[in-house]
Amino acid sequence: MPSLKGQPSLRGHGAFDKVFGEGKSFFQFPFQFRYEVPDTQGTSKEVLPGIRLGISISKRRFKRAVDRNLIRRRVREAFRLNRHRWEEAEQALQTGTAIILVYSTNEILDFERIQEGLCKAMLRWCRTNQP
RNA sequence: GCGGUUGCGCGUUCCGCCGCCGGCACCUCGGUGCUGGAGGAAAGUCCGGACAACGCAGAGCGCCAGGCUUUGGAAACAAAGGCCGGGGUAACCCGGCAGAAAGUGCCACAGAAAAGAACCGACCGCAAGGUCAAGGGUGAAAACGUGAGGUAAGAGCUCACGCGCUCCGAUGGUGACAUCGGUUUGGGGUAAACCUCCUGGGUUGCAAGGCCGUGUAUACCGGGGCAGCGUUGCUCGCGCGUUCCCGGGGGGUAGGCCGCUCAGAUAAAUGGUGGAAAUGCCACAAGGCAUACAGAAUCUGGCUUACAGCGCAACCAUUUUU
RNA sequence: CGGGGUGUAGCGCAGUCCGGUUAGCGUACACGUCUGGGGGGCGUGUGGUCGGAGGUUCGAAUCCUCUCACCCCGA
């Protein structure tokens with residue numbers, strides 16, 4: 001998974017399983033957006049502040065490793081370039097949180113489409129976080 | 001010029017901006033600078049090797065792989081050559097290679113018979129019976145082919161020529177083998193059926209294996225200790241022993257480091273965007289579209305599979321001109 | 001990254017080791033029949049590139065090689 005500067009990426013079997021098991025989710029094309037519920041009695045004490053991002057691309061959908069690499073890099077680049085748009089919400093968090101983007105379509109989308117979908121998804125996450 | 005065959009090689013390049021991973025050096029401790037950063041198949045994991053753990057006196061059985069020759073190689077395998085079969089006008093390409101006369105098995109249907117065969121048939125004979133394997137039909141496959149002699153009829157029964165096999169000799173070649181001569185013989189197929197012979201392989205694999213840390217119930221073994229019980233009424237001694245402590249042992253839990261590499265990974269870094277150039281296709285033009293197959297995970301030698309295009313060399317066929 | 005397995009009617013499976021006669025069974029589907037009707041029983045029938053491509057063989061679902069899917073196991 002991508003190691004973004006200053007923001008550790010989401011890694012380790014335990015972390016992934018926790019988000020998939022306990023977290024909430026919604027769907028915004030082309031992603032299934034899974035995120036960790038922030039205030040769980042302060043159990044995540046070792047976690048650094050900010051967003052930890054995980055990207056999941058199914059081997060079932062894309063058989064070739066080249067295709068999975070391409071999609072993952074496009075998603076990560078889109079996240080990096082548009083990060084300023086949800087910076088306020090990110091800094092409002094007291095503790096860190098984890099997000100997993102599950103790429104849920106069978107087509108390899110170009111960068112513009114991925115960027116559009118990612119921004120919509122992130123802004124939607126910001127709204128659910130601060131009502 | 002056009003088309004083709006073979007062997008090699010390349011398989012996009014450059015610049016601007018914003019970024020990623022590793023290493024090194026500074027230092028205000030998370031910034032700055034320097035530097036390295038996917039392939040010919042990295043792939044499939046089909047064979048090898050290194051390396052690691054375990055096993056091992058020596059040998060055998062079993063299993064797996066290979067099987068013409070020479071050379072290279074640790075082995076897989078490769079290159080050149082030989083023979084056989086197939087494709088192409090040609091250059092050339094593709095496939096195969098010990099043993100079926102050591103033995104066992106199988107050969108459906110059809111057919112008399114599928115391996116030491118006899119139904120129809122031919123001949124002798126009144127008949128019983130006997131001799132024979134030419135011709136017939138079946139089948140994927142039927143017991144050397146053609147001609148002549150021979151015979152009751154026939155048959156490699158004999159002869160000539162041809163084909164194949166065994167052995168011997170000569171010449172050429174390192175050799176497989178080729179050519180020629182002689183000799184013996186004429187009894188299918190299948191070993192990607194069992195098998196025989198020769199050669200190679202101990203087994204399991206980096207999730208191997210080692211170190212550190214975390215740390216809970218305790219089958220079992222050894223040592224120590226309090227109380228207790230037994231051994232004679234008591235003491236010593238000896239034995240037993242719930243529980244406690246220490247060590248061994250097996251079972252279970254989340255993680256880090258080494259192995260692990262001047263690419264070197266905790267779920268895994270090489271990207272995004274803009275502009276030129278090159279090549280191909282389309283178009284009168286402006287211009288437009290496309291640039292393959294595909295992404296390292298201990299390293300390495302092969303094999304196989306995928307692959308848009310382009311360049312070079314040799315050769316073949318065809319057309320035109322000289 | 002290493003081991004290992006499975007592809008056969010719409011669905012679930014035999015057959016593959018040891019090649020040959022018709023690729024079989026259950027279920028589903030269609031028709032007939034038993035019943036006043038449903039359910040169920042009985043009978044008949046339809047339905048197969050044996051995952052794909054080469055090879056060995058007279059002959060391949062079966063043997064050999066390559067390839068494509070899917071599924072297990074191993075910190």
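Throughout, a chain's letter reflects where its sequence line sits, starting with A, and its residues are numbered from 1.
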Please determine, for [N], whether a Watson-Crick or G-U wobble partner exists with both distances under 3.5 Å, and give it or none.
{"N": "B/C220", "answer": "B/G248"}
{"N": "B/G11", "answer": "none"}
{"N": "B/G172", "answer": "B/C177"}
{"N": "B/A114", "answer": "none"}
{"N": "B/U131", "answer": "B/A122"}
{"N": "B/C20", "answer": "B/G37"}
{"N": "C/G37", "answer": "none"}
{"N": "C/C50", "answer": "none"}

Atom-pair distance ([atom1] on [X]; [atom2] on [N]), nearest Å:
{"X": "A/N82", "N": "B/U273", "atom1": "CG", "atom2": "P", "value": "13 Å"}
{"X": "A/L81", "N": "B/U273", "atom1": "CG", "atom2": "P", "value": "10 Å"}
{"X": "A/I108", "N": "B/G272", "atom1": "CD1", "atom2": "P", "value": "13 Å"}
{"X": "A/F111", "N": "B/C18", "atom1": "CZ", "atom2": "C1'", "value": "11 Å"}
{"X": "A/N69", "N": "B/A38", "atom1": "CG", "atom2": "C1'", "value": "11 Å"}
{"X": "A/Q115", "N": "B/G271", "atom1": "CD", "atom2": "C1'", "value": "14 Å"}
{"X": "A/I55", "N": "B/G272", "atom1": "CD1", "atom2": "P", "value": "14 Å"}
{"X": "A/E77", "N": "B/U270", "atom1": "CD", "atom2": "C1'", "value": "13 Å"}

For [N], is chi within 90° of 0 (syn) or not (anti)?
{"N": "B/G156", "value": "syn"}
{"N": "B/G40", "value": "syn"}
{"N": "B/A306", "value": "anti"}

I want to check one thing: is the phosphate of [N], taken as OP1 and OP2, less than 4.0 Å away from some side-chain N or O of [X]?
{"X": "A/R74", "N": "B/U273", "answer": "no"}
{"X": "A/R76", "N": "B/G272", "answer": "no"}
{"X": "A/R80", "N": "B/G19", "answer": "no"}

Legend entry - Pair A/F33-A/Q28, side chain to side chain contact (heavy atoms under 4.5 Å, CB included): steps then yes or no: CA-CA 7 Å; A/F33 192 102; A/Q28 172 67 51; 5.7 Å; no

Legend entry - Carboxylate-amine/guanidinium proximity below 4.0 Å for A/R74 and A/E77: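 Judged by the 4.0 Å cut-off on N to carboxylate O distance, A/R74 and A/E77 do not form a salt bridge.
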
Legend entry - Step-by-step side chain to side chain contact (heavy atoms under 4.5 Å, CB included) determination, A/I100 to A/I55: CA-CA 6 Å; A/I100 296 177; A/I55 302 169; over 6 Å; no

Legend entry - Which residues share a ring-ring contact (aromatic ring centres under 6.0 Å, His included) with A/F27, sequence neighbours left out: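 With neighbours one apart ignored, the set is empty.
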
Inset, instruction - Have a look at A/R64 and say if it touches a base, only the backbone sugar-phosphate, or nothing, with a 4.0 Å heavy-atom cut-off. - result: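 Sugar-phosphate contact only.
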
Inset, instruction - List the steps and the verdict of salt bridge (Lys or Arg N to Asp or Glu O under 4.0 Å) for A/K120 and A/E116. - result: CA-CA 6 Å; A/K120 283 185 181 173; A/E116 185 188 337; 3.7 Å; yes

On a whole-Å scale, what distance lies between the [atom1] atoms belonging to [N] and [M]?
{"N": "B/A263", "M": "B/A296", "atom1": "C1'", "answer": "8 Å"}
{"N": "B/G48", "M": "B/C206", "atom1": "P", "answer": "16 Å"}
{"N": "B/A91", "M": "B/A317", "atom1": "P", "answer": "8 Å"}
{"N": "C/C63", "M": "B/A193", "atom1": "C1'", "answer": "9 Å"}
{"N": "B/G86", "M": "C/U57", "atom1": "P", "answer": "14 Å"}
{"N": "C/A61", "M": "C/G24", "atom1": "P", "answer": "14 Å"}
{"N": "B/G255", "M": "C/G74", "atom1": "P", "answer": "16 Å"}
{"N": "B/G96", "M": "B/G66", "atom1": "P", "answer": "12 Å"}

Legend entry - Nearest atoms (heavy-atom pairs only) where A/L109 meets A/R113: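 Scanning both residues completely, I find the closest heavy atoms to be CB-CB, 4.1 Å.
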
Legend entry - Residues that A/Q115 engages under side-chain hydrogen bond (donor to acceptor under 3.5 Å, both in side chains), provided they are two or more places apart: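 With neighbours one apart ignored, the set is A/N82.
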
